[in-house]
Amino acid sequence: MSKMITVKDLHKSFGKNEVLKGIDLEVHEQEVVCVIGPSGSGKSTLLRCLNLLEEVTSGDVYIEGDNLTDKNVNINEVRTRVGMVFQHFNLFPHMTVMDNITLGPMKIKGVSKDQARKDAIPILQKVGLEEKADVYPESLSGGQKQRVAIARSLAMNPKIMLFDEPTSALDPELVGDVLEVMKDLAKEGMTMVVVTHEMGFAREMGDRVIFMDEGIIMEEDEPENLFGNPQNPRTQEFLSKVL
Amino acid sequence: MEAIMDSHYIRVLPFLFEGLVWTLIITGVGLFFGFILGAIFGLARLSKNKLIYIISSIYVEALRGTPILAQILFIYFGLPDLIGFNIDKITASIIAIALNAGAYIAEIVRGAVYSIDKGQNEAGRSIGLTRGQTMRYIIWPQAFKRMIPPLGNQFVISLKDTSLFSVIAVGELLYMGQQYYGTTFAAFEALTMVCLMYLAITVPTALYLRKVERRLDV
């Protein structure tokens, strides 16, 4: 299987504070990689470096072979292949659900309005919100908003999806719907990197789980091994607190 | 009835209406260009480019830090010495309003754009929109809504500022009132009517803005 993401010796500092201290990572096609770890461990920063929402301080990030730190690589084009879902949804509040979803295809890919709307319908059905097409985000619940955000990313037909704590801002009873959508995506073979506190999801859906702490990858393994028999004392300590 | 019709309160009106038209033209055209300047310099003040930031900051601080009366005198009397030709009064007035209001509008624009949640920009960029597209389709429409109340406020301020242009004998509202009592000595009547005319524009504007503000609040 081909490599979708390759990260080599990635460092990221905010001022004098070094948040990522040398990350190496490979994600293959159709793989679901879950990143867990305490807050402040750098897991969200790592994710945001994968589509260059954060500039990298040193090291390399390759998406399907394109080096994001190479000035000749068109980052906007790369981002159309890498969808991202945020903790706080970040839907566009002045647009309807439909307009949120069709904006990218229309403005970036030049798809006609009619075609973009037609394409959006099966995506909305996939996230279970086809009847919400014409409402504004403010009238949606958190879980619905997050599913719209997933649909907005999917409309660009990405090869990779990044999830940054997608259920952390949701009321507990709304988490399930969002996780269901993510599971469907994983089963369809989407390549996914998921920063999450949902250990159940990581265990069930992850092909690989990465435990991060203090800006480095402390341990990575298949979920059965990492959750069942963690080797690193930091992993053991973290899991004993959250499980 | 005849006494009222013959009073200075009424006889001054034709002059004042003429003045009011110029006041509104100067304010309207001036603010049109002022908004363009304000949008450009307001966005420039958010730029990461040091030079662009410095230039826009100099403009904003220079215009906000000097009185508009000095600005109009500078444009009308001072500038011709430098550029070698005269500027007519109305053009000078429009330039003064545009430059002066532009500086304040730049701050309105900067504040409104800055107030939009950073996540909006990230969401736009993450689907592959360019910086410009993200500004145009996502940030600006949301920011513009927040600009409406302060822009209305700026309209009222600039409208009143045009009265200062009476010093270069622009035939705006106050100047026309002054002309009237200069020959008739009916200063009380003329200035009462001048003030009522300003209020006839500014009060409804203020009331309307309060309504808009309430609607934007929800």
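Chain letters run A, B, ... following the sequence lines, proteins first, then strands; residues in each count from 1.
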Should we count [atom1] of [X] as having more than 12 external heavy atoms under 6.0 Å?
| X | atom1 | result |
| --- | --- | --- |
| A/K118 | NZ | no |
| B/Y137 | OH | yes |
| B/R64 | CZ | yes |
| B/F33 | CZ | no |

Margin query: At under 4.5 Å between heavy atoms, what parts of residues 45-73 of chain A are in contact with chain B? List them by residue number.
Written below: A/R48, A/N51, A/L53

Notebook entry, point to check: Which residues from residues 80-99 of chain A are near chain B, with near meaning under 4.5 Å between non-hydrogen atoms?
Noted result: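 A/T80, A/V82, A/M84, A/F86, A/N90, A/L91, A/F92, A/P93, A/H94, A/M95, listed by number.
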
Next item on the list: Would you mind telling me which of B/Q133, B/K145, B/R125, B/K118 has the largest number of heavy-atom pairs within less than 4.5 Å of chain A?
Entry: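 Sorted descending by pairs with chain A, the first entry is B/R125.
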
Note to self: A side-chain contact here means heavy atoms from C-beta on lying under 4.5 Å apart; do B/L129 and A/K107 qualify?
What the structure shows: yes

Next item on the list: Drop me the distance from B/T130's OG1 to A/I75's CD1, to the nearest 0.5 angstrom.
Entry: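 One finds 13.0 Å between OG1 of B/T130 and CD1 of A/I75.
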
Next item on the list: Evaluate the criterion side-chain contact (heavy atoms from CB on, under 4.5 Å) for residue pair B/I138 and A/L103; output intermediate values, then yes/no.
Entry: CA-CA 10 Å; B/I138 295 165; A/L103 180 73; 3.9 Å; yes

